[in-house]
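For reference, the structure is listed below as structure tokens.
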Number of protein chains: 2
Amino acid sequence: MQSKYPAGRLPDPPSPIADDGDETHFCGTCAFSSACIAAGYHKPELAALQCLVEHVGPFRAGEHIFRTGDPFRAIFAVRSGTVKTRMVDKEGREQVLGFYLPGEVIGLNAIYPEHFPCDAVALDTTFFCRFSFPAMSALASRVPAVQQHLFRMLSKELGTASLLAGDHSADERVAAFLLDLASRYAARGFSATRFHLSMSRGDIANYLRLAAETVSRVLSRFRAQKLISIEGRELELLNPGRLREIGQTLLRE
Amino acid sequence: MQSKYPAGRLPDPPSPIADDGDETHFCGTCAFSSACIAAGYHKPELAALQCLVEHVGPFRAGEHIFRTGDPFRAIFAVRSGTVKTRMVDKEGREQVLGFYLPGEVIGLNAIYPEHFPCDAVALDTTFFCRFSFPAMSALASRVPAVQQHLFRMLSKELGTASLLAGDHSADERVAAFLLDLASRYAARGFSATRFHLSMSRGDIANYLRLAAETVSRVLSRFRAQKLISIEGRELELLNPGRLREIGQTLLRE
DNA sequence: GGCGGCAATTGACCCGGATCAAGGCACGCC
DNA sequence: GGCGTGCCTTGATCCGGGTCAATTGCCGCC
């Protein structure tokens with residue numbers, strides 16, 4: 001949970017505002033950076049992006065960004081930290097829908113119902129860019145690159161949602177989960193072989209539709225086979241190739 | 001490639017062109033009807049919808065509408081018949097992603113990858129409206145109602161994709177599956193208690209991540225409990241209330 | 001330092017659903 | 001008619017992972 005800038009620069013929110021740009025260019029890791037690049041930063045329409053974005057945070061571990069049933073007004077791009085989304089049925093059982101890393105966007109599944117269908121909970125200290133959705137839609141009408149980017153983000157999330165659906169063994173699920181995290185960290189410029197698991201074993205298990213004990217056993221077995229090194233939540237992938245073999249049916253199919 | 005007029009005019013495809021409108025108003029069951037209504041049918045911009053839509057079909061049971069890897073150029077609204085989408089991994093194992101009924105849209109998950117990530121296969125004789133996606137995007141920029149409708153369709157599919165994810169018993173899955181079909185038929189004006197299952201037990205099982213034998217056993221048990229009446233693929237829901245109790249954790253959660 | 005609470009690990013046992021296998025039924029084809 | 005071919009159903013067996021339970025380690029707090 002460290003900023004990539006020297007810690008001394010930021011006094012109070014002590015660490016984690018990740019890789020941010022200046023007022024003109026926003027975050028290098030921002031979920032919308034590719035839209036801006038496609039449209040050209042200089043375009044006057046993009047000045048509107050600066051007006052409709054709002055930096056919010058910090059949220060501490062366990063705090064809600066939004067709750068099931070809240071009216072939908074905005075989507076949130078994670079700037080730093082990690083978020084889980086989840087549904088809680090009326091018996092109180094939790095169902096983890098996904099984990100979101102810096103540069104990723106939460107709230108897209110609320111457009112249609114117009115209310116958030118799930119909770120979003122910070123797993124560690126977390127900051128966001130908040131985009132008013134009505135303003136975003138209006139901007140999308142004027143700037144095709146923004147519209148296209150929204151379509152693509154929605155469509156992309158459709159693809160990932162169908163991944164977990166298959167019936168796969170515990171080993172396949174865990175291997176694919178670790179590799180998925182690795183590639184998402186890598187896409188944002190972080191290490192693809194060493195990273196911190198912000199979520200508990202229970203959250204991982206819930207997300208993968210396994211019992212926490214099973215996740216623990218699989219991780220222990222992977223460690224015994226020298227595929228990974230794991231101590232608490234600090235993870236290193238020692239043999240990504242073999243992990244990819246194990247998880248591959250789940251990774252592309 | 002058939003037109004959409006009263007069945008008597010068409011010698012060969014004997015039956016199934018559902019509830020259709022005229023040249024001005026398109027299908028009453030059309031996936032875009034609400035967008036048109038919101039914008040007002042008379043708006044000149046909507047004349048463009050008529051230009052970019054193309055009626056295609058019939059496809060016979062087993063024929064592909066598109067295949068994995070085909071370049072993405074259009075989305076397809078089912079006019080009549082039923083479609084399954086599926087992925088096939090390199091070991092040849094099939095994974096059913098969803099079933100699509102008249103009025104529903106396939107192909108949205110191809111926007112981001114720009115190639116279809118799955119196959120679409122007709123389960124019976126099927127007709128479509130084909131919407132060129134580039135043209136659709138361009139139209140969406142000019143007609144906010146069309147853009148909003150696309151956002152909503154994408155977001156809605158995100159919601160349904162997460163339903164199957166949970167770990168639920170075979171009874172819960174089957175009950176929820178039957179009720180989901182019922183409500184989707186009802187939404188398009190068909191009977192919510194009697195309908196035909198266009199897909200095989202194997203397809204249902206695959207979609208629900210069960211074995212075909214398990215689906216067969218659950219249906220037999222439901223019949224013994226007088227919850228349903230089923231003969232081959234003809235289904236009647238005798239006790240939707242009880243089915244709802246059984247499937248409810250999966251239906252909303 | 002000692003205590004309490006939570007997360008993680010590990011072991012023992014059990015069950016739901018997968019798998020294997022055997023038939024039944026409806027269809028089209030020769 | 002006889003036969004093959006899917007599709008469906010039903011029975012018997014097995015196993016992966018869930019559940020229950022005990023233990024350990026870690027960390028914050030009094």
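A note on names: the letters A, B, ... follow the listed sequences, proteins ahead of strands, and every chain is numbered from 1. Side-chain atoms are counted along with the backbone in the values below, which use heavy atoms only and exclude waters and symmetry mates.
When the C1' atom of dG18(D) is taken as reference, atom CG of Asn206(A) falls 14 Å away, rounded to whole Å. Put simply, CZ on Arg223(A) is 13 Å from P on dA8(C), counting in whole angstrom units. One can place CD of Glu231(B) at 14 Å from C1' of dT9(D), the figure rounded to the nearest angstrom. Summarising the geometry, the separation between CD1 on Ile204(A) and P on dA7(C) is reported as 13 Å, rounded to the nearest angstrom. When rounded to the nearest whole Å, the span between CG of Leu219(A) and C1' of dT10(C) equals 14 Å. Leu197(B) places its CG atom 16 Å from the C1' atom of dT9(D), with the value rounded to the nearest Å.
Sorted by first and then second residue, the salt bridge (charged side-chain N to carboxylate O under 4.0 Å, His left out) pairs involving residues 227-238 of chain B (not counting sequence neighbours) are Arg194(B)-Glu236(B). The salt bridge (charged side-chain N to carboxylate O under 4.0 Å, His left out) analysis of residues 115-129 of chain B, with sequence neighbours excluded, yields the pairs Arg86(B)-Asp119(B). Within the structure, salt bridge (charged side-chain N to carboxylate O under 4.0 Å, His left out) pairs that include any residue of residues 205-226 of chain B comprise Asp171(B)-Arg221(B) (at least two apart or interchain).
In this structure, Phe99(A) and Met199(A) have side chains that are in contact, with non-hydrogen atoms separated by less than 4.5 Å. By the 4.5 Å heavy-atom criterion applied to side chains, Val174(A) and Leu210(A) are counted as neighbours. Side-chain contact between Ile75(B) and Ile106(B) is absent, with no heavy atoms from C-beta onward closer than 4.5 Å.
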**Asked** With the sugar-phosphate defined as primed atoms, P, OP1 and OP2, and the base as all remaining atoms, what B/S/- string results for nucleotides 13-27 of chain C, 5' to 3', for protein heavy atoms under 4.0 Å?
**Response** ----SSBBB------

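Without hydrogens or angle criteria, Gln225(A) side chain to Phe222(A) main chain gives no donor-acceptor distance under 3.5 Å.
Arg67(B) is linked by a salt bridge (charged side-chain N to carboxylate O under 4.0 Å, His left out) to nothing, counting only residues two or more places apart in sequence or in another chain. Not counting sequence neighbours, the partners of Phe116(A) by the ring-ring contact (aromatic ring centres under 6.0 Å, His included) test are Phe66(A), Phe72(A). Listed by chain and number, the residues in a side chain to side chain donor-acceptor pair (under 3.5 Å) with Glu63(B) amount to none (sequence neighbours excluded). Residues passing the salt bridge (charged side-chain N to carboxylate O under 4.0 Å, His left out) test with Arg201(B): none are found, sequence neighbours excluded. Scored by the side chain to side chain donor-acceptor pair (under 3.5 Å) test, Asp180(B) finds Arg184(B) as partners (sequence neighbours excluded).
One axis for each end of the helix from dG1(C)-dC30(D) to dC30(C)-dG1(D), each built from five base pairs, and the angle between them comes to 30° at 10° resolution.
Look at Lys84(B) and Glu94(B) and you find a salt bridge, because one of the NZ, NE, NH1 or NH2 atoms lies within 4.0 Å of a carboxylate O, short of that distance.
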Might you list the N or O atoms of the protein lying below 3.5 Å from N or O atoms in nucleotides 5-8 of chain D, with each pair's distance?
unit_1: dC8(D); atom_1: OP1; unit_2: Arg201(B); atom_2: N; d: 3.4
unit_1: dC8(D); atom_1: OP1; unit_2: Arg233(B); atom_2: NE; d: 3.2
unit_1: dC8(D); atom_1: OP1; unit_2: Arg233(B); atom_2: NH2; d: 3.3
unit_1: dC8(D); atom_1: OP2; unit_2: Arg201(B); atom_2: N; d: 2.9

Scan nucleotides 25-29 of chain D against the protein and return all N/O pairs shorter than 3.5 Å with their distances rounded to 0.1 Å.
none

